[in-house]
Number of protein chains: 2
Amino acid sequence: MAQTEPASRGAYAKSADTRRAILDAAIVAFGESGLDGASTRTIAAAAGVNQPALNYHFGSKDALYVECARAIVERFAAGTASASGPAIALLGSGERVDPDLALVRLRQLMDALVDTLVANEDAAIWAGFVAREMNAPGDAFAILYDSLWQPGTELAARLIAAARGFADPGDDERLDALMLISNLIAFTNGRRVSKSIMKWQDIGPEQLVAVRRSISRQVDALVAQGN
Amino acid sequence: MAQTEPASRGAYAKSADTRRAILDAAIVAFGESGLDGASTRTIAAAAGVNQPALNYHFGSKDALYVECARAIVERFAAGTASASGPAIALLGSGERVDPDLALVRLRQLMDALVDTLVANEDAAIWAGFVAREMNAPGDAFAILYDSLWQPGTELAARLIAAARGFADPGDDERLDALMLISNLIAFTNGRRVSKSIMKWQDIGPEQLVAVRRSISRQVDALVAQGN
DNA sequence: GTCTATAGTCGGATAGAC
DNA sequence: GTCTATCCGACTATAGAC
């Protein structure tokens with residue numbers, strides 16, 4: 001491999017491997033300790049490179065942080081694409097949506113979220129990153145809001161509306177969507193606490209079944225009560 | 001005022017006012033920026049004292065941080081005492097608990113939580129503090145878990161169990177309690193996001209009604225479905 | 001009890017050899 | 001492209017005057 005990329009874009013004929021190693025280490029460090037808590041030296045050590053390598057590849061610590069946000073969004077989207085895709089297709093068809101089918105899609109979406117966020121240990125790291133940025137918005141807030149929260153809650157709200165037989169979501173559907181999604185936070189950001197409360201050693205297949213059941217009951221209730 | 005306190009305990013015949021000012025400023029700073037993100041200089045400036053005053057009154061930055069956790073627990077407990085008191089009294093009576101009354105107490109508890117956490121702007125600060133500590137446990141984790149999460153979820157779980165006609169809570173009730181409480185996080189840690197999603201300028205009386213209604217529906221569903 | 005001054009450490013970013 | 005060496009600023013904590 002003489003030159004990994006023939007400079008397909010202006011930037012980065014640089015070592016993609018080093019870049020990736022830094023990014024992976026940075027996501028973990030920032031997710032656990034935050035922008036201020038994680039030092040470039042710690043990240044460099046974890047990535048197996050020297051400290052100035054971060055500046056060389058990303059320009060600055062802040063720029064690296066923003067790049068981490070982008071990577072998190074990408075990985076999250078990849079994990080949920082199999083469920084969000086069909087849901088978007090259903091809602092975008094223009095025709096009147098069958099409430100029962102909307103309910104099926106909503107269930108699939110929630111199951112995919114459980115798989116991506118609760119079953120995956122890495123997601124607790126992502127969740128830490130995202131939660132910090134929501135509390136104290138910085139350079140990464142817009143990325144996370146525009147690519148994660150806004151489309152995520154809007155999709156859920158539209159599915160809830162469709163399952164209730166409405167053409168478009170209103171305030172009630174958006175509120176319910178927000179709360180439905182926030183239930184997952186108990187097992188991402190609140191992973192440690194929830195494991196202690198439930199006396200779970202770890203969150204394996206059996207625990208996931210229980211979580212899915214509890215969420216499933218909420219979805220039922222959401223739609224059954226209509227409004 | 002010659003000597004605010006006659007040294008009732010061994011420690012702190014020191015200025016209680018200065019101590020309080022530092023504590024208030026520290027809670028805000030740590031809540032917004034975390035232990036590493038908030039500097040003693042910033043806190044001192046916000047409290048209107050000089051930087052070494054923090055060390056004088058609290059010993060170290062870490063000790064001040066732990067003291068903030070204690071203060072948050074106290075203030076939270078004070079805000080919810082009017083609802084948690086009757087609930088604890090009901091459950092502690094030893095006799096078989098009337099399911100309908102348990103449901104009433106559960107509603108009161110959730111309303112008190114909404115008032116304390118959602119209606120109160122300060123609570124977003126507390127929530128930031130607590131959320132960081134849950135993600136990356138430090139010296140304050142035990143305080144917050146033992147005095148906040150454990151008793152809070154256990155109380156909710158016992159009320160849910162009683163409302164379902166059970167003597168004691170099981171895994172299902174604890175799971176449901178965790179998720180019910182995590183709904184509030186959408187409006188504490190997720191305050192900014194939720195306001196944007198809902199297109200709310202701020203969270204006033206009308207918005208609180210909507211939030212309470214949505215939570216109330218969940219409480220209904222929780223108990224109606226039994227298990 | 002509160003202040004100023006400062007010691008000692010660690011952070012991010014840059015310069016320049018290879 | 002990757003390394004070592006280093007600058008400079010910001011931080012916490014301590015010493016000592018008042």
Side-chain angles (χ1 to χ4, degrees), chain A residues 1-27 29-30 32-68 132 136 138-140, chain B residues 1-26 29-30 32-68 136 138-140:
Chain A
M1 240 179 264
Q3 192 80 0
T4 1
E5 288 289 315
S8 53
R9 281 178 60 225
Y12 300 118
K14 296 160 187 173
S15 160
D17 288 347
T18 304
R19 212 183 131 82
R20 171 76 188 211
I22 293 172
L23 202 59
D24 285 343
I27 289 173
F30 287 141
E32 285 177 347
S33 312
L35 176 56
D36 297 303
S39 77
T40 55
R41 288 174 156 84
T42 306
I43 296 170
V49 300
N50 46 45
Q51 184 253 335
L54 274 61
N55 276 33
Y56 177 77
H57 284 280
F58 294 90
S60 73
K61 188 190 189 186
D62 285 349
L64 171 59
Y65 183 77
V66 170
E67 221 51 42
C68 287
R132 283 168 206 277
D139 294 343
Chain B
M1 243 181 263
Q3 191 81 358
T4 1
E5 289 287 315
S8 54
R9 279 178 61 226
Y12 300 119
K14 295 159 187 170
S15 161
D17 289 347
T18 305
R19 213 183 129 82
R20 170 76 188 211
I22 293 171
L23 202 58
D24 286 343
F30 287 140
E32 285 177 347
S33 312
L35 176 57
D36 297 301
S39 77
T40 55
R41 290 168 205 281
T42 307
I43 296 170
V49 300
N50 47 44
Q51 183 256 331
L54 274 63
N55 275 37
Y56 177 77
H57 285 279
F58 294 90
S60 73
K61 188 190 188 185
D62 285 349
L64 171 59
Y65 182 76
V66 170
E67 222 50 42
C68 287
D139 294 342

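Below, each value reflects all heavy atoms present in this structure, side chains not excepted, and no hydrogens, waters or symmetry copies. Below, read A as the first sequence line, B as the second, and so on, with proteins coming before strands; counting in each chain starts at 1.
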Review point. Does OP1 or OP2 of D/dG1 have a side-chain N or O of A/T18 closer than 4.0 Å?
Key: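 False: A/T18 side-chain N/O out of range (4.0 Å or more) of D/dG1 OP1/OP2.
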Review point. Does B/H57 make a side-chain N or O approach to OP1 or OP2 of C/dT2 shorter than 4.0 Å?
Key: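 Yes, within the criterion.
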**Study point:** Minimum heavy-atom distance A/S33-A/A38, with the two atoms named
**Key:**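 Looking at all heavy atoms of both residues, the closest pair is CB-N, 3.8 Å.
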Review point. What pair of heavy atoms forms the shortest contact from A/K61 to A/F30, and how long is it?
Key: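 Looking at all heavy atoms of both residues, the shortest contact is CE-CE2, 4.0 Å.
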Check your understanding: What string of B, S and - do you get for nucleotides 4-18 of chain D, 5' to 3', if B is base contact, S is sugar-phosphate-only contact and - is no contact with any protein heavy atom under 4.0 Å?
Key -> BB-----BBBB----
Exercise for review: Sequence neighbours left out, what passes side-chain contact (heavy atoms from CB on, under 4.5 Å) with A/V49? Give chain and number order.
Suggested key: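 Testing A/V49 for side-chain contact (heavy atoms from CB on, under 4.5 Å), a comparison that skips the adjacent residues, returns A/T18, A/I22, A/A44, A/A47, A/A53, A/L54.
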Once rounded to the nearest 0.5 Å, what's the spacing between atom [atom1] of [X] and atom [atom2] of [Y]?
X     : Y     : atom1 : atom2 : value
A/E32 : A/I27 : CD    : CD1   : 12.0 Å
A/T40 : A/F58 : OG1   : CZ    : 13.0 Å
A/R41 : A/Q51 : CZ    : CD    : 4.5 Å

Take the protein atom [atom1] of [X] and the nucleotide atom [atom2] of [N], then report the distance between them rounded to whole Å.
X     : N      : atom1 : atom2 : result
B/L54 : C/dT2  : CG    : C1'   : 13 Å
A/Y65 : C/dG11 : OH    : C1'   : 18 Å
A/L64 : C/dG11 : CG    : P     : 16 Å
A/I22 : D/dT2  : CD1   : C1'   : 11 Å

Practice item. Compute the bend angle of the helix from C/dG1-D/dC18 to C/dC18-D/dG1 from the end axes (five pairs per end), rounded to 10°. Key: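 It comes to 0° between the two terminal axes.
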Review point. Do the side chains of B/L64 and B/L23 get nearer than 4.5 Å, heavy atoms only?
Key: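 Yes - at least one pair of side-chain heavy atoms lies under 4.5 Å apart.
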Review point. So, do A/E67 and A/H57 sit near enough that their side-chain heavy atoms are less than 4.5 Å apart?
Key: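 Counting from C-beta outward, A/E67 and A/H57 never come under 4.5 Å.
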